[in-house]
Amino acid sequence: MGLAERLSDVDARIADAVRASRRAPEEVTRIVVTKFHPASIVTDLHALGVRDVGENRQQELRAKRESLAPLEGLRWHYIGQAQTNKARHIRQDADAVHSVDRVRIADALERAGDGAPVLDVLLQVNLTDDEQRGGVSPADVEQLATHVAGECPTLRLRGVMAVAPLDESPASAFARLADCAATVRGIVPGATWISAGMTGDFAEAIAAGATHLRIGSAITGPRPMRG
Ligand SMILES: *Cc1c(COP(=O)(O)O)cnc(C)c1O
């Protein structure tokens, strides 16, 4: 299968899952994760109608965004770990940052604003027991959401993001994420985004209320190795 076939195959599976969950198709945005692939794949995806793309490294996001500036209507989602010393670049290059997981990164993104347009942000939640993993623990979601809503006027809190743990069924993990999403909506009612679902679990994520799917290899094919 080529890129166009894989994209339409995934989109058909998304449509099936949306129907099975009795949800409306407009509620679900499919982000194509293009990390490690050359910028040319984004050009190809754009020609196929893709507008939302995801990257997880700041330098790669910057390079692709610069080389693809003439492509119209692309929205770049930053889904990787956010480092405070990269906040300025991330702020310049991303249309949405899915990986705000601590006060320090929220504050760094806020300070990097400097007259830039308001930045959409999501709180990344750690659904594992491993505290080393990226993401705020579910117990601390409320506090972080309160901070972003109260102290970061140039960040627009849109919702939550998570990666399902490997050692648990995606459905139960995504149910915990849905609880965190409700907590955030209790603070910012408009924060309705739930970024969840990858190649292996997007149907479960849709069933659990995901609004933004981050799908890589099912559409792009295997990622080139990183040396
Ligand atoms: C790479 C990545 C994805 C996409 O993964 P696939 O399994 O290839 O669909 C989604 N989310 C995050 C945070 C990623 O880093």
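Values below: all heavy atoms of this structure, side chains included; hydrogens, waters and symmetry mates excluded. In listed order, ligands and their atoms are each counted from 1.
Taking a 4.0 Å cut-off on heavy atoms, His98 fails to register as neighbouring ligand 1.
Interface of Thr199 with ligand 1, defined as ligand atoms under 4.0 Å from a residue heavy atom, comprises 6 (P), 7 (O), 8 (O), 9 (O). Atoms of ligand 1 lying under 4.0 Å from at least one heavy atom of Ile215, given by number and element, are 9 (O).
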Does the side chain to side chain donor-acceptor pair (under 3.5 Å) test come out yes or no for Thr128 and Asn126, once each step is laid out? CA-CA 6 Å; Thr128 74; Asn126 180 1; 2.7 Å; yes
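In terms of polar-atom proximity, defined here as any N/O pair under 3.5 Å, Gly216 does make such a contact with ligand 1.
Nearest residue to atom 14 (C) of ligand 1 from Gln81, Lys35, Arg214, Met198 is Lys35 (criterion: closest heavy atom). When Ile79, Asp201, Thr34 are checked for heavy-atom proximity to atom 13 (C) of ligand 1, Ile79 turns out nearest.
No single ILVMFWY cluster, assembled from side-chain heavy atoms under 4.5 Å apart, contains both Trp193 and Ile90.
Here the options are Thr220, Val53, Val50, the test is side-chain contact (heavy atoms from CB on, under 4.5 Å), and the partner is Ile41; only Thr220 passes.
Checking side-chain atoms of Arg214 against main-chain N and O of Ser195 turns up a donor-acceptor pair under 3.5 Å.
Below 30°, between 30° and 60°, or above 60°: for His212 and His77 the angle between ring planes is between 30° and 60°, a tilted geometry.
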